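Please read these numbers as outputs of a predicted model, since none were measured by experiment. Labels below follow one simple rule: chain letters A, B, ... track the order of the sequence lines, proteins then strands, and each chain is numbered from 1. Atoms considered below: every heavy atom in the structure, side chains included; atoms not considered: hydrogens, waters and symmetry mates.
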Amino acid sequence: MTSGRLAAWAARRVYRVLLRLHPIGRSGYAAQMLATFDAMVEGACRRGGLALAALVARESLGLVVSACRAFPATSSDVVSRGKQNTMGNLRQDLRYALRSFARQPGLTAALVATLTLGIGANSAIFSVTKAVLFPVLPFADPARLVMVWEDASSLGFPRNTPAPGNYADWTTSIPAFDGVAALDDREFNLTGTGDPEKIGGAGVTDNLFSVLGVRPALGRIWRPDEGGAGTHVAVVSHDLWMSRFGGDRSVLDRPVSFNGIPYQVLGVMPRHFQILGPDQQIWVPIGLTAAQLTERGNHYLSVVARLRPTATLVQANLQLEALAARLQREEPGTNRTTGMYAVPLLDDYVGDTRTALVVLLAAAGCVLLIACANVANLLLTRATGRAREMMIRAALGADRKRLVRQLMTESLLLAGTGAALGLVVATSSFGTLAHLIPLPLTGLSDVTMDLSVLGATAGAAVVTGILFGLAPAWRASRVNLAAAAGHRAPRSLAGGHARLRSALVVAEIALATVLLVGAGLLVTSFRTIRGVDLGFRPDGVLTLRLQLPRRSYADFDKRAQLVDTILERVRAVPGVAAAGFTSAVPLVWKGGTAGFEPQGRALDPSLPYDANNRVVSPGYMETMGMTLRAGRFFGPADDANGNPAAIVNERMVRQYWPGQDPIGRRFRVAAPSTPWRTIVGVVADTRVMGIDQPTRAEMYFPIAQARENWMWPRDVAIRASRDPKLLVADVSRAIWTVDRNQPISDVALMDDIIARELQDRRLQTTLMATFAGLALLLAAVGIYGVLAFSVAERTAEIGLRLALGGQPARIRALFVRQGLVLATVGLSLGLTAAVWSTALLGKLLFGVHPRDPLTFVSQSVFLVAVCVVATYLPARRASRVDPIEALRQD
Amino acid sequence: MGDRDTPPSLSPLQFHILLALTDRPLHGYGILRDLGDPARGSARLGTGALYTAIARLVTIGLIHETDRRDADDARRRYYSLTVRGRVALRAEATRLERLLARARRRGVRPVAAGRS
């Protein structure tokens, strides 16, 4: 069957079902209505899928609306009175519905709570998904913007920041690109008024703003002739303009001091403009020199390009591949293993969050399905219980349509209440869910309840209402007047219900199984990742950043001296047990590598000879609690006059000196002018690239000997002997006694840095576990309801058995078995579905296989245990039936 | 219940349906297409509302189902105007005409020809 024919078939099914409930459809017009609908479907199919969907939506709504209007007056010839009756009947229906709900507060509460959670979970996740996957990007035609990356997978960087030389080639050799712009990361110290402050920013190429298609809201961008070296012009964000300059237009007329240099602010960007994240607030000319534009060894740019209107992403990537292949041949020194590729800007922003959102959407959808099944079940129970009431009303002259409408009103009322409360639940969860928004979109996309989310929720409520309103309404309306005479009618009515209800429960358990297994896998991953050996002891460590102004500390000796003085003062602060300087504490900078060359050995072409490059002060490794495996840590002797020393990690030893004693061996950082360095120590691997990322080769050099190293000391780590948070003020004062203008930023406990690293996983795992818990709870209520009803229905039979000498234990077993059959069927269906669907979790898992047998088994056992409890309660009631009472009932 | 001889007042949809049937019998889909004809300036109509209106018109005797069967689709039923229907249609047209005349006298003029 083609998809078009399938859609047409589905459309007819929907129409037929609705028609069955329509008063006109049921009074002999059904066949011709179907014929008309078929003709309309044929026409719509020719116009495409959208037209068909619109037709089905319009017709379904039309049928529901006209059904409501038509009920009272089909036989009346007074048109105006029909309208009055409709309104009167609607009021009566509503009043009656409310009264009947009030009579069964427990059941009503269960129904409303079920719907609230199902709809709430869905609109919440839907809102986040919308905010992340459909943000309003502050660029012109953002769909044609791409980010361009280098692929250095062989070095462990599949998404590497490009080198200027490669960027220069992209501007000329990729015809699919209309414009290519580059940024580098910069930080600016704003001094002058108040405490010194560090502001993020970027050096950008002259064409960046035109590639993005944005103009400043105030002032202008620099002209190409103003962007050269030595000119100090800048464009600032709206936020910075407001917060630092009070929204004062005169900022354009006077110089402003960034990093102690007077800058001319030429323009202020529009309010919501941001690129690569909310932290970039100052943009200055990047000032790449002709020499830099041929350089391919240093990788530090972010590159954004606009596709030509006639070009596609595929073409761009083919051109990039061809260029990469050519450069691999022509520039083997730097580009031997370098790939190049472009990704749509939004995909790049969203990254792995997409997987998490898809999984959560699916989970929320499952919860809604389970909720619907449960509500249908509860309503079926209710409808069966009301069969006698319906019969009496029918006997008193209530028209069958009237009864159907009454039940439909109740369903829609429930769904409406559930939707309203669900919206409240969803709205109150937005604060937490906002953490799911990836960094580059922070500030651009707020999680808000907007019209489309409202529409989706209302749609869910109406569909739910019709879904679960249909079955009971249809069955209840078939109450036969003739059967009212006999007592057996409710029983036979229940027979058909029992099968439907069992099927619903099986479906609920199957869905709950899938969610439980998924949540189990995520929880196991999270536990595994929490247990990962970091290679250092984060507890009690305070970190802060001192971004040294390039200009003030350009002199190496001055810089080294500053590090010594600051450490001396900081160590003197009471409560500081140890302190050290490094270029980057673990997990905050996942790059910064350099090539190296071991002494006296031919290079092995299969190895990358690339390692993380860090300069550290003596005492840093002890402060971080890193483990020494061999040799020694850096000491005071490793100063400018000492023998050039290095410490490497175990992984570097395993990779480059396998099976050898590395102590005393020598290597040097790639550039030939740097001295050979002797390995004086080996430390255990640390997870600097991410807790869930493999470790890399790492090399550490003493700051005092790092004259040629482009890496600067930046982060200070402090091990506290008392609450580290209380040290911040004293430590800051100590630092400011050395340099009053030195901004201190990124103050964080190492524990917080790790928590931030795990934040996404924690949230995803918590949400998934919540959904699974809800699903299990709902399924348990479902199975309980079915059995409780079955017990109530068979009370007479149980009484008879007991009276004839049946054992209560065997009666209990009978019902427990009934429940367990449902649980087992649901479980096996669910496990089968889980085997196929957990692969969806993919990248969200760490250290656990998507089909991990232990998780599958433990979650199954858990589910069965819950089902046994849910089954046992009604079964126990069955075994306690009083035979006399039971027999008297029938 | 009103006087049997006074024709009932018609809703706009009922009026349109009667109008569609003035010159020939039509089945439901035919009426729908006739109403959907842009020249007649009518909003999109669904089967629910259409057949509800047809059922009512049959019940109050303004139209009746003919014996004619469609070669394309045997499920289709053709409807035509009854005498009473014709009377009701004419009465409604007269009523509308009077209404229009009154509106004109009070200075209500149609909007300039355009898209609406």
### Summary
Turns out that what part of A:Leu55 lies under 4.5 Å from chain B's heavy atoms comes down to neither
### Query
Should the pair B:His27 and B:Tyr78 be assigned to parallel (<30°), tilted (30 to 60°) or perpendicular (>60°) ring geometry?
perpendicular
### Message
Just to verify, what does B:Tyr29 make a side chain to side chain donor-acceptor pair (under 3.5 Å) with, not counting sequence neighbours?
### Response
none
### Task
Considering only heavy atoms, give the residues of residues 94-106 of chain B separated from chain A by less than 4.5 Å, sorted numerically, with 'none' for an empty result.
none
#### Entry: Residues in side chain to side chain donor-acceptor pair (under 3.5 Å) contact with B:Thr66, at least two apart in sequence or another chain
none
### Task
Report the residues that fulfil salt bridge (Lys or Arg N to Asp or Glu O under 4.0 Å) with B:Arg75, sequence neighbours left out, ordered by chain and then residue number.
A:Asp38, B:Asp73
### Message
So that I can tick it off, tell me whether B:Asp67 and B:Arg77 are bridged by a salt bridge, with the cut-off set at under 4.0 angstrom between side-chain N and carboxylate O.
### Response
no
### Query
Are B:Tyr51 and A:Gln32 close enough that some pair of their side-chain heavy atoms sits under 4.5 Å apart?
yes
